[in-house]
Amino acid sequence: VTINGTSGLVTATTFSGSNLTGIDTGKVLQILQAVKTDTASTASTSFGAISGFSQAITTTGSNKVLVRANIKIGTPGGNCLLLRLARTTSGSTSYISIGDASSNRIQASMGGFKSTQPWQIPADSCEFLDSPSAGTHTYFLEWRVSTGSATSYINRSQRDEDQDHAARTASTITVMEVAA
């Protein structure tokens with residue numbers, strides 16, 4: 001950077017992120033993403049992992065992991081669909097970005113009562129800055145419905161008609177190692 005003292009202009013040369021030095025924290029070290037393009041369904045009233053939808057990342061030191069989950073769900077109107085973000089490290093699973101426990105209320109990361117139409121595929125998303133310690137960590141989503149008589153779907157609507165106005169979508173989990 002060159003500063004022209006007479007006119008007060010700042011002129012910058014071309015920079016490359018690989019040449020940055022002196023930045024000790026907040027630098028993104030790696031980005032990985034899981035993309036689920038197929039469909040799946042659940043009618044379970046117990047939480048279970050969404051098949052084929054997880055992302056592992058190996059971190060060093062006390063670096064953090066920024067997790068972003070974006071999921072498209074088709075569910076019957078009047079049904080409650082809940083999702084929770086989870087991390088598995090060395091065979092132990094922890095639930096992250098969930099609400100506090102309170103009586104019969106279910107701890108979740110996103111979701112809730114859905115009043116969508118049967119042809120809609122609304123998105124739910126959450127973001128969480130995790131501090132997992134060094135090692136390999138796998139991030140994934142679990143889901144459940146409130147009643148076994150209702151089925152919810154990922155990446156498709158409840159109706160899922162074979163028509164040109166119907167859609168199939170994709171869902172993502174993105175993880176970023178951030179220097180602590």
Novice: Does Leu29 sit in a hydrophobic cluster with other residues, and if so which ones, taking ILVMFWY side chains as linked at heavy-atom separations under 4.5 Å, directly or through other members?
Specialist: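 Listed partners: none, Leu29 stands alone.
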Novice: Using side-chain hydrogen bond (donor to acceptor under 3.5 Å, both in side chains) as the criterion, list what pairs up with Arg84, not counting sequence neighbours.
Specialist: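 With neighbours one apart ignored, the set is Tyr95, Glu142.
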Novice: About how many Å separate CD1 of Ile50 and CD1 of Ile73, when rounded to the nearest 0.5 Å?
Specialist: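 Between atom CD1 of Ile73 and atom CD1 of Ile50 there are 5.5 Å.
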Novice: Could you give all pairs that pass the salt bridge (Lys or Arg N to Asp or Glu O under 4.0 Å) test and reach residues 96-108, with sequence neighbours left out?
Specialist: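 Every candidate salt bridge (Lys or Arg N to Asp or Glu O under 4.0 Å) pair involving residues 96-108 fails, so no pair, neighbours aside, qualifies.
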Novice: Could you work out the complete set of other residues in the hydrophobic cluster of Phe47, with links drawn between I, L, V, M, F, W and Y side chains under 4.5 Å apart?
Specialist: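 Members alongside Phe47: Leu82, Ile106.
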Novice: For a quick test of reading the model, state the closest non-hydrogen atom pair linking Pro118 to Ser157 and the distance between them.
Specialist: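 Scanning both residues, the minimum pair turns out to be O-CB, 3.4 Å.
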Novice: Scan the side chains in residues 173-180 for donor-acceptor partners under 3.5 Å anywhere in the protein, sequence neighbours excluded, and list what turns up.
Specialist:
from: Thr174; atom 1: OG1; to: Gln33; atom 2: NE2; distance (Å): 2.8
from: Glu177; atom 1: OE1; to: Gln30; atom 2: NE2; distance (Å): 2.8
from: Glu177; atom 1: OE2; to: Thr60; atom 2: N; distance (Å): 3.1
from: Glu177; atom 1: OE2; to: Asn63; atom 2: ND2; distance (Å): 2.8

Novice: Looking at residues at least two apart in the chain, or sitting in another chain, which of them share a salt bridge (Lys or Arg N to Asp or Glu O under 4.0 Å) with Arg168?
Specialist: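 Arg168 satisfies salt bridge (Lys or Arg N to Asp or Glu O under 4.0 Å) with Asp160 once adjacent residues are dropped.
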Novice: Are the side chain of Arg144 and the backbone N or O of Thr45 linked by a donor-acceptor pair below 3.5 Å?
Specialist: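 Yes: the side chain of Arg144 pairs with the backbone of Thr45.
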Novice: Taking side-chain hydrogen bond (donor to acceptor under 3.5 Å, both in side chains) as the definition, give me every residue that meets it alongside Thr138, ordered by chain and number, with sequence neighbours left out.
Specialist: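 side-chain hydrogen bond (donor to acceptor under 3.5 Å, both in side chains) list for Thr138, sorted by chain: empty.
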Novice: Can any side-chain N or O of Thr75 pair as donor or acceptor with the backbone N or O of Cys80 at less than 3.5 Å?
Specialist: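 No; zero donor-acceptor contacts below 3.5 Å.
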Novice: When rounded to the nearest 0.5 angstrom, what distance separates CG in Asn70 from OG1 in Thr172?
Specialist: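 If I round to the nearest 0.5 Å, the distance is 4.5 Å.
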Novice: How long is the span from the OG atom in Ser97 to the CD atom in Gln107, to the nearest 0.5 Å?
Specialist: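 Answer for the OG-CD pair, Ser97 versus Gln107, is 11.5 Å.
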Novice: Asp38: what forms a side-chain contact (heavy atoms from CB on, under 4.5 Å) with it, not counting sequence neighbours?
Specialist: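 Asp38 satisfies side-chain contact (heavy atoms from CB on, under 4.5 Å) with Lys36 only.
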Novice: Is there a chain of hydrophobic side chains (I, L, V, M, F, W, Y, each step under 4.5 Å between heavy atoms) that links Val145 to Met110?
Specialist: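 In one cluster with Val145: Met110, yes.
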Novice: Which pairs count as salt bridge (Lys or Arg N to Asp or Glu O under 4.0 Å) when at least one residue sits in residues 48-73, sequence neighbours excluded?
Specialist: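 Listed once each, the pairs are Arg68-Glu127.
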Novice: Given Thr42 and Ser152, is the side chain to side chain donor-acceptor pair (under 3.5 Å) satisfied, shown in steps?
Specialist: CA-CA 5 Å; Thr42 187; Ser152 290; over 6 Å; no
Novice: Consider only side-chain heavy atoms of I, L, V, M, F, W and Y, link residues closer than 4.5 Å, and tell whether Tyr139 and Ile98 are in one cluster.
Specialist: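 No.
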Novice: Within this structure, what is the CG-OG distance for the pair Asp124 and Ser109, rounded to the nearest 0.5 Å?
Specialist: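 If we round to the nearest 0.5 Å, Asp124:CG and Ser109:OG are 10.5 Å apart.
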Novice: Closest heavy-atom contact between Phe53 and Phe140?
Specialist: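 So the two residues come closest at O-CB, 3.6 Å.
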Novice: Are Leu129 and Ile57 linked, directly or through other ILVMFWY residues, by side chains that come within less than 4.5 angstrom of each other?
Specialist: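 No.
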Novice: Which residues pass the side-chain contact (heavy atoms from CB on, under 4.5 Å) test with Ser41, not counting sequence neighbours?
Specialist: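 Testing Ser41 for side-chain contact (heavy atoms from CB on, under 4.5 Å), a comparison that skips the adjacent residues, returns Thr151, Tyr153.
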Novice: Check whether Ile121 and Ile154 end up in the same hydrophobic cluster, where Ile, Leu, Val, Met, Phe, Trp and Tyr are linked by side-chain heavy atoms less than 4.5 Å apart.
Specialist: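 Cluster IDs for Ile121 and Ile154 differ.
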Novice: Suppose we screen for side-chain hydrogen bond (donor to acceptor under 3.5 Å, both in side chains). Which residues come up paired with Ser171, at least two apart in sequence or across chains?
Specialist: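 Once residues adjacent in sequence are excluded, the partners of Ser171 under the side-chain hydrogen bond (donor to acceptor under 3.5 Å, both in side chains) criterion are Asn155.
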Novice: What residues form a side-chain hydrogen bond (donor to acceptor under 3.5 Å, both in side chains) with Ser146, not counting sequence neighbours?
Specialist: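 With neighbours one apart ignored, the set is Asn79.
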Novice: Please determine whether residues Val65 and Leu32 belong to a single hydrophobic cluster, defined as Ile, Leu, Val, Met, Phe, Trp and Tyr linked transitively by side-chain heavy-atom distances below 4.5 Å.
Specialist: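 Yes, Val65 and Leu32 fall within the same hydrophobic cluster.
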